[in-house]
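Just the heavy atoms: all of them, side chains too, but no hydrogens, waters or symmetry mates, feed the values below. In the text below, chain A, chain B and the rest are named by the order of the sequence lines, each starting its count at 1. Please read these numbers as outputs of a predicted model, since none were measured by experiment.
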Amino acid sequence: MSAPILELRDVVKTYGDGNGGRVAAVDHVSVAVTEGQGLGIVGESGSGKSTTVRCIVGLEKPDSGTITYDGIDLASASRAERKRFRREVQMVFQDPYSSLSPRLSVEEIVGEGLVVHAPRMSRAQRRDRCVEVLETVGLDAGALPRFPRSFSGGQRQRIAIARALAPEPRMLICDEPVSALDVSVQAQVITLLRRMHRELGLTMLFIAHDLAVVRHLCDSVLVMHEGRVEETGPVSSVYAQPEAGYTRALLDAIPIPDPARDRARRARWRASTIAEETTPA
Amino acid sequence: MTDLLQRPERLRIRPRVRRRTARRRMTWSELATYGAVLVLLVLAVVGPWIAPHDPYLVDQRNTLLAPSGEHWLGTDGTGRDLFSRLLAGARPSIIGAVVTVLAAATIGVVVAAIAATAGRVVDGIVMRICEVVLSLPVMMTGLGLAVALGPSQKSAVIALILASWPSFARLARSEIRRVMVSPHVEAAQVLGVSRWRLLTKHVLPNSLDTVYVKAAMDVGGVIVIISSLSFIGAGAQAPSAEWGAMVESGSRFLNNAWWVTGAPGLAILVTSAAFSLAGDALRARLDPMLSSSLGEAPR
C-alpha cells in the first residue's frame with residue numbers, strides 16, 4: 001500500500017438551518033484514497049456524499065479539517081499547486097443536461113480543459129486531442145461542431161466524460177454519473193467508466209446511491225449516513241459481511257433480479273420483523 | 001406488440017430538449033414588426049440624404065401649407081418642409097434612443113458582473129445605489145439631470161443613460177447569479193477556468209437573453225422619453241428636427257394646422273410601437289416562459 005493520493009482528515013461542512021442553528025452536512029469525515037483505487041461512496045439522499053466531493057474539488061469550502069492531494073494541502077496550496085490539482089482531478093456531474101453549456105459546441109466543451117491547462121497547444125492539436133478523447137468514449141469527430149442539444153442523455157454524459165479526460169487527469173470524480181440516465185444507457189456509461197478506470201489507471205471516486213453499481217465498478221466502498229462515515233472497506237467484505245446496521249439495510253434494498261429468491265428474502269424479512277415485534281423488550 | 005419489439009428505436013424515449021430558442025417559423029406579425037424596425041433604422045441613417053427638401057430652409061412665403069404633392073406633409077410655421085424634417089429628425093430621435101439603451105445596457109451588465117462576482121460588500125453597495133436610482137421615475141431623474149447638464153440632445157441622452165442603467169444592472173445581476181451556480185459553470189470551475197474566462201465564456205452568454213429583450217423593448221419607451229424631454233425644453237433645441245421638439249414648435253398652430261404637430265407625433269407613436277412590438281416578439285421567441293421576470297419598462 002503506497003501513500004494515499006487523496007486524504008481527507010476530519011472534514012466538517014455545516015449549513016445554517018434557517019433558525020440560527022447549524023446542520024452538519026459532512027461530519028468529521030476522514031478518508032484515504034490510494035492511487036489507482038476505485039472508491040465508491042454510497043448513502044441515501046442527504047447523507048453528505050455530494051457535499052464531501054464538492055469540498056474536495058473546491059466548490060464548497062469545508063469549515064474545518066484538511067484535504068490533502070498528493071502532498072498538496074488544498075487550503076494553503078500555491079497557485080502552481082492549485083493549477084496542478086485542477087488538471088489532475090476532474091469531475092463528471094450528475095445531470096448531463098445541465099452540466100454542458102448550451103451555448104458551446106462539443107469542441108469548445110471538450111477542449112476547454114486544454115485551453116486552460118495546455119495553452120501552448122495549437123488549435124489543430126487541440127482538435128486532435130478532442131477527437132481522441134471523443135473516440136475513447138465512443139463518439140467521433142462528427143460531434144465536434146455540434147451543440148449539446150443534439151445529443152441524447154447518454155451521449156451527453158459521454159461528452160462530459162470526454163471533457164474530464166481531455167487534460168489527462170489522474171483522478172476522476174463521478175457524482176452519480178448515471179442516475180439521470182435511463183437504465184439501458186446506465187449500463188453503457190458504467191461500462192465505459194470501468195474501462196477508463198482499468199485502462200487508464202485512473203483513481204476513481206464514484207458516488208452512487210445504488211450499491212449494485214458500486215459493486216460493479218469499485219474495489220472499495222465507503223458508506224455514509226447523515227454526514228458521517230458509517231462503514232468503509234473492500235467491496236467484497238462490506239457486501240458479504242456488513243458491519244453497520246445501516247449498510248445491511250442498504251444492501252437489503254438492492255432488488256434481486258430473480259422473483260423466487262426475492263420472494264424468499266422478503267419472507268425472511270417478515271419473519272425477522274415479526275420475531276422482533278413479538279419479543280418483549 | 002411484436003411489431004414494436006422489432007423496431008426498438010420507435011420505443012426509445014426522446015431526450016428532453018432544453019432549447020433556448022425555438023426553431024419555429026416566423027409569423028407574419030413578427031416579420032412585420034422586425035421589418036418596421038429595420039425600415040425605421042435605415043431611414044434614421046439615410047433620412048437626411050433622401051429628404052426631398054432642405055429640412056432647415058426657412059421659406060416665409062409658404063408657411064403652414066397643408067399637405068400637397070409638393071410638400072407631402074405640408075410645411076411648418078417657418079415654411080420648412082415637414083416630411084423632410086421628419087426624415088432628418090429620425091436620426092436624433094431613433095439613434096438617440098438606441099444609443100441610450102445600448103449604453104445603459106452595457107453599463108448595467110458590466111456593473112452587474114462586478115456586483116455578482118466581487119463579493120457581498122461590493123454587491124451590497126452597488127445594488128443599494130441601483131435601488132436609490134430606481135426608486136425615482138426615469139422621467140424625473142432624466143429631466144433633472146438633463147437640465148443640470150444644460151438642455152441639449154446630448155444632455156438628454158446622457159441623462160437617460162444615467163437614469164436607466166440600474167434597471168439593466170438589476171436584471172443582469174439576477175441572471176448572472178442564477179447562471180453562476182448552474183452545473184455547467186461549476187464544471188468549468190472544476191476544470192480550472194480563470195475568473196475572467198468563466199464570466200465571458202460560460203456565464204454571460206447564458207445570462208444575457210433577458211437583457212437583449214429588455215433592451216429591445218426599452219427603445220420604444222426611451223424614444224417617447226427623449227421626445228418628451230425635448231418637448232418640455234430639456235432636450236434637443238429649437239432649429240433641430242428632433243421629433244419631440246417638432247411637436248412642441250407645432251403645438252402653437254394646433255388650431256389651424258394640426259399636421260405640423262400631428263406628423264411628428266404620429267412618427268413618435270409609430271416608431272415607439274414598432275420597437276416595443278419587436279421587443280415583445282423577441283421575448284416570445286427567446287423564451288415563452290420568460291415574461292414575468294422582465295420587470296417594467298421605464299416610465
Side-chain angles (χ1 to χ4, degrees), chain A residues 53-54 56-60 79 82-104 108-119 147-157 159-160 163-164 166-167 169 172-173 175 180-185, chain B residues 4-5 7-24 109 117 119-120 172 175-213 285-290:
Chain A
V53 160
R54 290 172 64 85
I56 296 172
V57 296
L59 288 173
E60 304 281 350
R79 226 184 144 79
R82 203 178 294 274
K83 190 108 186 161
R84 181 162 77 86
F85 171 76
R86 283 280 175 240
R87 187 180 77 73
E88 292 182 0
V89 180
Q90 293 300 332
M91 183 158 168
V92 176
F93 288 77
Q94 176 174 4
D95 179 5
Y97 290 90
S98 56
S99 70
L100 305 177
S101 170
R103 299 292 168 97
L104 297 180
E108 289 173 296
I109 290 170
V110 177
E112 189 69 358
L114 301 172
V115 173
V116 175
H117 295 292
F147 286 83
R149 61 167 172 262
S150 50
F151 293 94
S152 70
Q155 287 171 323
R156 284 174 191 227
Q157 199 59 295
I159 294 166
R163 165 175 64 188
L172 190 62
I173 297 175
D175 185 358
L181 308 175
D182 55 282
V183 181
S184 59
V185 183
Chain B
L4 282 174
L5 281 175
R7 283 181 302 176
E9 75 275 12
R10 300 206 35 192
L11 278 169
R12 203 181 295 150
I13 298 159
R14 295 291 294 271
R16 191 154 44 122
V17 179
R18 283 191 196 156
R19 204 173 267 180
R20 296 292 296 181
T21 34
R23 285 252 180 81
R24 58 185 165 79
V109 168
T117 51
R120 280 167 89 164
E175 285 292 298
I176 289 172
R177 284 175 62 107
R178 179 180 64 76
V179 176
M180 289 262 282
V181 295
S182 66
H184 74 261
V185 172
E186 293 187 334
Q189 280 174 292
V190 172
L191 273 175
V193 172
S194 68
R195 275 170 77 167
W196 174 251
R197 192 176 168 83
L198 195 72
L199 192 66
T200 53
K201 190 132 196 227
H202 298 269
V203 177
L204 287 182
N206 289 297
S207 38
L208 293 184
D209 277 356
T210 49
V211 174
Y212 299 146
V213 171
R285 175 160 289 271
L286 282 178
D287 192 343
M289 312 291 282
L290 197 90

Worksheet entry | Interchain contact, A/R82 with chain B, by part (heavy-atom threshold 4.5 Å) | neither
Worksheet item: Under a 4.5 Å heavy-atom cut-off, does chain B meet the side chain of A/V115, its backbone, both or neither?
Response: side chain
Discussion item. Is A/L59 close to chain B through its backbone or its side chain, or both, or neither, when contacts mean heavy atoms under 4.5 Å?
Written reply: side chain
Worksheet item: Taking all non-hydrogen atoms of both residues, which atom of A/S99 and which atom of B/A187 are closest, and how far apart?
Response: O-CB, 4.1 Å
Discussion item. Counting C-beta onward and ignoring hydrogens, is there a side-chain heavy-atom pair between A/V116 and B/S194 closer than 4.5 Å?
Written reply: no
Item to complete: Considering non-hydrogen atoms only, spot the tightest contact between B/N206 and A/P102 and give its length.
Response: OD1-CG, 3.4 Å
Worksheet item: Roughly how far, to the nearest 0.5 Å, is NE2 of B/H202 from CD of A/E108?
Response: 9.0 Å
Worksheet, complete the sentence: When every non-hydrogen atom of B/L191 is compared with those of A/H117, the smallest separation belongs to O-NE2, 2.6 Å
Practice prompt. Please round to the nearest 0.5 Å and tell me the distance separating atom CE of A/M91 and atom CD of B/E186.
Written response: 7.5 Å
Item to complete: Return yes when atom CZ of A/R84 has more than 12 non-hydrogen atoms of other residues, nucleotides or ligands closer than 6.0 Å, and no otherwise.
Response: yes
Discussion item. With side chain to side chain contact (heavy atoms under 4.5 Å, CB included) as the criterion, how do A/L104 and B/H184 come out once you've worked through the C-alpha distance, each side chain's angles and the decisive distance to 0.1 Å?
Written reply: CA-CA 11 Å; A/L104 297 180; B/H184 74 261; over 6 Å; no
Practice prompt. Find the distance between CZ (A/R103) and CG (B/L204) and round it off to the nearest 0.5 Å.
Written response: 11.0 Å
Practice prompt. Taking all non-hydrogen atoms of both residues into account, name the closest pair between B/V193 and A/E112 and its distance.
Written response: CG2-OE2, 3.6 Å
